[in-house]
Amino acid sequence: MTTKNQERVLRGIGATPLSGVGTAVRYDPDADLSLPEPPDPKTVESGVEVDRFEAAREAVRERLQAERERAAERVGESEAEIFDAHLQFLADPQIEGLVEDATDEGLPAEHAVREAFGDAIDQLEAAGGLTSERADDLRELRTRLLRELLGAEATDLAALPEGAVVVAERLGPGDTARLDPDVVGGFATATGGRTSHAAIMARSLGVPAVVGVGEPLLDVADGATVVVDGDAGEVVVDPSAERADRARERGRDVDVRHEQVTTVDGRSIEVAANIGTPAEAAGAREQGADGVGLFRTEFFFLDREEPPTEDEQYEAFVEVLQPFDGDRVVVRTLDVGGDKPVPYLDVPAGENPFLGVRGVRLAPGERADLLETQLRALLRAAATDAGDGLAVMFPLVATVGELDDLLERVEAVAAALAEEGVPHEVPELGVMVETPASAFVAAELAERVDFLSVGTNDLTQYVMAADRGDERVAGLHDPRHPAVLRVLDRTVRAAHGADAWVGMCGEMAGDPDLTELLLGLGFDELSMSAVTVPAVKERIVETDTEAAEALAERALAAETRAAVEAILAGDGG
Ligand code: PEP
Ligand code: MG
C-alpha cells in the first residue's frame with residue numbers, strides 16, 4: 001500500500017472543480033516526429049512532394065471534419081468551432097504557397113511542412129496576446145500533417161483505457177475535445193491557464209483537469225497512479241490509498257445540483273449557466289443550473305455571410321427557454337466587434353480592438369438595425385408560454401446615456417410590435433458591468449433596470465489594464481486583486497441600494513474557491529460554465545453569510561493579491 005509520505009504533490013491551476021484518479025498516460029504528440037537531414041535537393045521531385053502534401057492535407061481535413069461533428073454533438077456548437085479555425089488554417093493558401101516554395105527548393109514534403117509552419121508559428125507567437133494562442137492551433141495542425149506524411153501513429157486520445165490520466169506538456173483544443181469524459185480520469189498539463197482553450201474545453205466536457213503545473217509534471221512516469229484534483233489545483237503522484245479513495249468518491253459525489261440552494265442561514269442564491277448555443281441549454285439543466293445567467297448570442301452571427309433573421313433568432317430564444325420552463329434565462333444582446341470581428345458587418349477592429357467599437361457601441365452607428373431585429377425577436381419570445389423567465393442584458397455599457405438610449409429602443413420596438421398587432425412582452429432588463437465607468441455609475445444604471453450582472457473577464461482587464469488573452473499579464477488579469485474586489489463591492493452595494501438584484505457571469509463566478517467571498521460581497525446570482533454548477537452549489541450550502549461577510553471584509557481591506565490569497569486560504573488573519 002502506498003503510504004502518505006510517498007505522495008508527491010504538484011501544484012497547478014484547477015481548470016474544472018472535479019477530481020479523478022487513474023494511471024498516467026504520457027502524451028507527447030511530437031515525440032517521434034524528428035526528421036532526418038533532408039536529402040540532396042536534386043533527388044527531390046517537387047511535383048511528387050506537392051502531391052504527397054495534398055494527400056496528407058485531404059486526410060487531415062477529413063479527420064478534422066469528423067471530429068468536429070462529434071465535438072458538436074458532445075459539447076455544443078460553440079466549442080466545436082475551435083475545429084473550424086483548424087480547417088481554415090489547413091485551407092490557407094499562404095501556408096500552401098510556403099510549402100510549395102519549399103518543395104520547389106528541393107525539400108521533401110515533411111521538411112517543407114515543418115519549415116512553412118515553423119515560420120507562421122514564430123510570427124503568431126511574437127504577436128503576443130490572443131494572437132499567440134493561435135500558435136497552439138498551428139502546432140496541432142503541423143503535428144497532424146507530419147503524422148500523416150510519416151505514417152506515424154499517435155496515441156489515440158479518443159481510445160484511451162478506462163481511468164487514463166493524460167499527462168502532457170500542452171494539449172491543444174482538438175486534443176482535449178477527443179477525450180471521453182466517461183472513460184478518462186482527467187488530464188494535467190505543464191502549460192496553460194484557466195482561460196486557455198484546453199481548460200475551457202475541459203469544463204465543457206466535465207473532465208477533471210489541472211493546468212499550468214510547470215516542468216515538474218514532465219517527470220511523472222507513464223503508468224504512475226495520479227490524482228487530478230481540480231478543486232485544489234493539485235496533481236498528486238503516487239497518492240495514499242485514502243487520498244485516491246477520496247478522489248474516487250468525489251468523482252461520483254451525490255450532490256445538491258438539482259436543488260435550489262441556500263446558505264446555512266437560509267439565503268437563497270441562484271446558480272445559473274453560461275451558454276453559447278441553444279443546443280447547450282438542456283445539458284446545462286442536467287448539470288443542475290437553475291437557469292441561464294448568460295446566453296452569448298454571438299454564435300448566430302459567426303460563420304455566415306449575413307446576419308440572422310428575426311424569425312431565426314426568435315426560434316432559437318424559444319428553444320433555450322423551453323428546458324428552463326419559466327426559470328430565468330438571461331440573453332445578452334450582440335457583443336461582437338472589436339476582438340470578435342464579423343467580416344460582413346464591416347466594422348473595422350481599429351488600432352485597439354478592446355477599446356473600440358464593440359458590444360452596444362455597434363448599435364448607435366450604421367448597424368442600429370442589428371439591435372432592433374434582436375430586440376423584436378426577444379420581445380416576441382418573452383410573450384410565449386416559456387417566456388416568463390426571459391431577461392435581456394446589454395454588454396459593455398459605459399454611460400448612463402447609452403443605457404437611456406437602449407431603453408428607448410426597447411420602448412420603440414414594443415410600440416412598433418403593438419402597432420403591428422404582434423404579441424410581445426417587455427422582459428426583465430439588465431446591464432452588464434464590464435467597464436470601470438459602469439461600476440462608477442452603477443447606482444444610476446441600477447435605478448433604470450431590474451438587475452446588474454458583472455462580467456469579470458472584461459471588468460478585470462479594464463480595471464487592471466491587462467489583456468485577458470495575454471499570458472504575460474495573466475498575473476494582473478486576476479479578479480483577486482484588491483482593486484477588482486473593491487469595484488465588485490461598490491457595484492453590489494449600488495445595485496442593492498437601487499433595489500436591483502446583482503449577479504456575476506464572468507469566469508470568476510465558477511471558481512468554487514471564491515464562492516464564499518462572492519456571497520460575502522453580496523451577490524444574489526452566480527452564472528458559470530455548466531460543469532462547475534454542482535461544485536459551486538456544494539460550497540453555497542456550506543456557507544454561512546456572517547462568516548462570508550467577515551471574509552469579504554478582510555479581503556477588501558487587503559493591500560495585495562497575495563494578501564487576498566492568504567485570506568482565502570484561511571491563513572490571512
Ligand atoms: C465577461 O466579460 O466577463 C463576460 C462574461 O463576457 P465575455 O466573456 O463574453 O466577454
Ligand atoms: Mg465581456
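All residue numbers in this chain count up from 1 along the given sequence. We count ligands from 1, going down the list as the structure has it; atoms in each ligand are counted the same way.
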Q. Does any N, O or S atom of D335, backbone or side chain, fall under 2.8 Å from the Mg ion (ligand 2)?
A. no
(Q) Check this for me - ligand 1, D458, N or O atoms closer than 3.5 angstrom, yes or no? (A) yes
(Q) Residue-level breakdown please: for T456 versus ligand 1, do any non-hydrogen atoms fall below 4.0 Å on the side chain, on the backbone, on both, or on neither? (A) backbone
Q | Heavy-atom donor-acceptor pair, Y462 side chain to F354 backbone, under 3.5 Å | A | yes
(Q) So if I count the atoms of ligand 1 from 1 in the order they appear, which ones are less than 4.0 Å from some heavy atom of R332? (A) 6 (O), 7 (P), 9 (O)
**Q.** Which residue and heavy atom of the protein sit nearest atom 9 (O) of ligand 1, plus the separation
**A.** R296 NE, 2.7 Å
**Q.** Under 3.5 Å: donor-acceptor pair, side chain of E402, backbone of V397
**A.** no
Q: Determine, considering heavy atoms only, which of M528, M508, R468, M504 sits nearest to atom 10 (O) of ligand 1.
A: R468
Q) Restricting to N, O or S atoms of E434, which is nearest to the Mg ion (ligand 2)? A) OE2
Q. Where does N274 meet ligand 1, judged by heavy-atom distances below 4.0 Å: at the side chain, the backbone, both, or neither?
A. neither
Q: Compute the shortest N/O to N/O distance between E507 and ligand 1 and return yes if it is under 3.5 Å, no if not.
A: no
Q. Which residue supplies the protein heavy atom nearest to atom 5 (C) of ligand 1, what is that atom called, and how far is it?
A. C505 O, 3.4 Å
Q: May I ask you to check whether T297 and Q374 show a side-chain donor-acceptor distance below 3.5 Å?
A: yes
Q: Please check if the side chain of Q287 supplies one atom and the backbone of A284 the other of a donor-acceptor pair under 3.5 Å.
A: no
Q | Of the N, O or S atoms in D458, the one nearest the Mg ion (ligand 2) | A | OD2
Q. Going by the angle between their ring planes, with limits at 30° and 60°, are F451 and W501 parallel, tilted or perpendicular?
A. parallel
**Q.** Between D524 and H496, a side-chain donor and acceptor under 3.5 Å
**A.** yes
Q.
Would you say CG of D325 has more than 12 non-hydrogen atoms from neighbouring residues, nucleotides or ligands within 6.0 angstrom?
A. no
